[in-house]
Amino acid sequence: MWKFIVRRLLITIPQIIILSVIVFILAQMMPGDALSGLIDPSIDPAAIEQQRERLGLNNPWYVQYADWVGGILHGDLGQSFRFKMPVTELIGQRMGNTILLSIVTLIFTYLIALPLGLISGRFNDTMLDQGITGYTYIGFATPLFIFALVMLWVFGYNLSWFPTSGSVAPGSESGTVAYWLSKVNHALLPGISMALIQVVSTVQYLRSEIIDTKQKDFILTARAKGAGEQRVYNKHIFRNSLLPIAAFFGWEITTLITGTVFVEKIFSYPGTGLLFLESITQRDFSVANSLVLIFGIAQILGALLSDIILSIVDPRIRIK
Amino acid sequence: MSNELLKIKNLSTSFRIGDEYYAAVDDVTLTLNKNEVLGIVGESGSGKSALAFSIMRLHTKAKIEGEILLNNQNIVKMSNSKLNKIRGDEMAMIFQDPLTALNPLMPIGRQIEENLFLHNKKLGQQGRKERTIELLNLVGIPRPERVYEQFPHELSGGMRQRVIIAIAIANDPELLIADEPTTALDVTIQAQILDLVRELKEKIHAGIILITHDLGVVAEMADRVAVMYAGQIVEIAPVEKLFANPLHPYTRSLLNSVPTEGQDRLHVIQGVVPTLKNLPRKGCRFAERIPWIDASHHEENPELHEVESGHFVRCTCYEHFYFPDNKEEQANGVS
Amino acid sequence: MAFLEVKDLQVYFPIKGGILNRTVDHIKAVDGVSFEMEQGKTYGLVGESGSGKSTTGRAIIGLEDITSGQVLFNGKDITDKKTKNKAFRKDVQMIFQDPYSSLNPRKRVLDIVAEPLRNFEKLSKKEERKRVQELLDIVNVSPDSIFKYPHEFSGGQRQRIGVARAIALKPKLIIADEPVSALDVSVQAQVLNFLKEIQSELNLTYLFISHDLGIVKHMCDNISIMYKGRYVEQGSTEEIFENPQHIYTKRLIAAIPDINPKNREEQFHYRKKVLEEYTQSYDDYFDQDGLAFQLQSISDTHRVALPQKG
């Protein structure tokens, strides 16, 4: 197993390097550079040139790339010209919100996915299963941003069950219990909206895993031992079907990232997704680029996580 | 009390195709005595595996009619909870494919212990482990302590089949059903597994039903043999009698299609095995495969006739059967 | 000059491993196999799973890459990729094990059987159909069924359609890889009889690969026993069955179930005795790696893998 994990880790290194090169090239192609946002355009061009020289903007691309990577490693992602603050700090503020939203979404995803998938797989082709499968088809067909708007309108504005924007009630004192409750409360509606739509692939995956496992020969062996239905399901079918789902966890992160971009926008939830959209519309390229890099790394790590989980839970990979 | 362990009376097992049920096992009656090995031979589609699965009631979507009496308890009518008390305890099954019959994600030890846990609550965790190691020893697995911890994919096919046997015999079953237990194995491994079953038979005193398509395997293992064709038993006899004096045209044809000493051409049975949907349900089911035998020689409703003690043959056509490519026999009529 | 000569054939499969997934070792699927075949005869190649028997057959016809060694067909080396001659591909055909998966389910029988014809011969539509019908007639499948699909046939019929495809180009050598092991006994008989019939009609040579010694005995003039990529014994059918020399051959033969129930006890004891002998003399017959030694002639036709004397 260790060999497998080390090899898998080694693969991520070139992936991240390639990603960083792409992001760097994108950054170079964007109009303007680190200086454009900082200085008064009416300043003497010679002075600008001096500044450029000082900041290393005239160096060959590979030196600039090395500087840029070096900066990132020291936590320096450049300056946001809109917020006039370091990108690292800006993203840091927003990241907490997005992580909270993601956790809420993941919890609801599994709260919904496991029972629905298990029921649907166990009682396949019954009315119950058809109902659940019907829901998954609707989930596939419904765009997240429209669904989120409907949820916001119904539960936020009409029923007023949930706050409709922001990440915390104004005036809450940071660090208190009320503050954290308010934070969670703000993440609930966007989280549930996202979970309800994104859960459908997990439900279908789990359903087909169970139907597949049900027909395996070793299930007959278990029945022939005199194991009752409940035991056959719990000890053999569910366990074996949940393993691939555990591995699916890393991939959930990938869908979460795209999900948060839409949902944060609709719920005006100040997380990285919203920041990303804003920075694009307002041409705050240093922020947008940094986020692309972070999202990209998160995806690569998600895939890595999936493979590592699988290698731990599946003895066929574990024992090698 | 008689020596009878299992009595099957007028058993029919039907599967649904479209809107109708078709019997894959059609009105089968047979008995198995304690300590006896009954071989059931037939080709694919003969209903032999469906019969085995019916006894264990492993079919989920079949209609089963008739009676299966194991120690006078009717398995067909039994409640599920009662059935689960018997399965794995009084009766157990050895499956065909050792590569798929074990849970790939469960250690070998746990898979055997599950069977002990289900039927012997008194045995504690330690007791179960000891018994499991003992079972692994019994089925001839080297280094049982190590195998106990291992997963199926770490063992060879032959070793896995031994594990499956260990699971089956864990609670000293009285009835052991082996469904093609060696078909998926190499010949030398097959020989070892068959020898193992033979040795175990002496030790656990179980009645064994051995399902196989391999006439050699039955010849070596069985005390009595039932030959199945198209869902019915067409001949049943003590093993020596069956091989020395096969009577039913199907049995004879089958024996003639296996290569033996000094034979240049093998006998070929005309036509094909009918599919479940197209089974001839009236008259002699083998008649269409032996069209050169006059229709008048078949019975209208073929019954099993006891030709000599313990030797039964279905239909009367056997009295008039000859191989068409054997001119001499044809001229002399029945030999 | 032999009809087909295989010289020191080796087929190695790489084992990937280590952190960089490099080739760390090889599985020696076929490890130095040599034999000769004469035209019109049937050669049996027997072994258990993993013995390399199928790989040997597949390597000869070019379905596996040869690591080293030569395959000479009518004196011409056909392992040389550059001169891969068309005649060889026409003259050597293969019959596969599984009649259910070796025929493309989406193609009609006409297309399946005509495929080799289309590759090698330019025939008009009419000629082609006539040839296919003739071929189906030879294999006893109704020539009217050329527009049917494989699933409409039984296992035995499918296997015969596979044979029709194999003989379409009038090959000289057919490599049959477990051709009947997926079939029921009665259907086996049909296919085996039929293979024998067309052999005499077309003067075919067979390399008959099987794990079933009973069938090999029935079909073959000459038998080779393979174990872990090497030959352990080679001889006429009579020599192998009446006078087996290698302990592994003896064990294989002892493992065949006896169809006469009267011999049961005898067979049981005999098998036990052979197994004992096998365990005891294992070191005499295999080297430190558990592999067989080089073949040595003990008669004109009989060769056995015995340790070098002295």
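Atom set for the values below is all heavy atoms of this structure, side chains included, hydrogens, waters and symmetry mates excluded. Each chain gets a letter, A, B and so on, in the order the sequences are listed, and its residues count up from 1.
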For this session: Scan B:I75, B:T13, B:V28, B:V76 and name whichever one has a side-chain contact (heavy atoms from CB on, under 4.5 Å) with B:S54.
Result: B:T13

Exercise. Is chain A contacted by the side chain of B:Q96, its backbone, both, or neither, given a heavy-atom distance below 4.5 Å?
Worked result: neither

Exercise. Going by the angle between their ring planes, with limits at 30° and 60°, are A:F276 and A:F295 parallel, tilted or perpendicular?
Worked result: perpendicular

Exercise. Between A:H236 and A:F218, what is the ring plane arrangement, given parallel below 30°, perpendicular above 60°, and tilted in between?
Worked result: tilted

For this session: Answer with side chain, backbone, both or neither: which region of B:N80 has an atom nearer than 4.5 Å to a non-hydrogen atom of chain A?
Result: neither

Exercise. Among B:N115, B:L105, B:I86, B:T100, who wins on heavy-atom pairs under 4.5 Å with chain A?
Worked result: B:L105

For this session: Answer yes when A:R223 and A:E229 have at least one side-chain N-carboxylate O distance shorter than 4.0 Å, and no when they do not.
Result: yes

Problem set entry | Most contacts with chain A, counted as non-hydrogen pairs under 4.5 angstrom, among B:E114, B:M93, B:H119 | B:E114

For this session: Determine the interplanar angle of the B:H59 and B:F15 rings, folded into 0 to 90°, and report it as parallel if under 30°, tilted if 30 to 60°, perpendicular if over 60°.
Result: perpendicular

For this session: Using the six-membered ring of B:F117, assess whether NZ or CZ of B:K121 lies under 6.0 Å from its centre and within 45 degrees of the ring axis.
Result: yes

For this session: Please look at B:I167 and chain A and tell me whether the side chain, the backbone, both or neither of the residue comes under 4.5 angstrom of a heavy atom of that chain.
Result: side chain

Exercise. Between A:I219 and chain B, which part of the residue has a heavy atom less than 4.5 Å away: side chain, backbone, both or neither?
Worked result: neither

Problem set entry | B:L118, part contacting chain A, at a heavy-atom distance under 4.5 Å | side chain

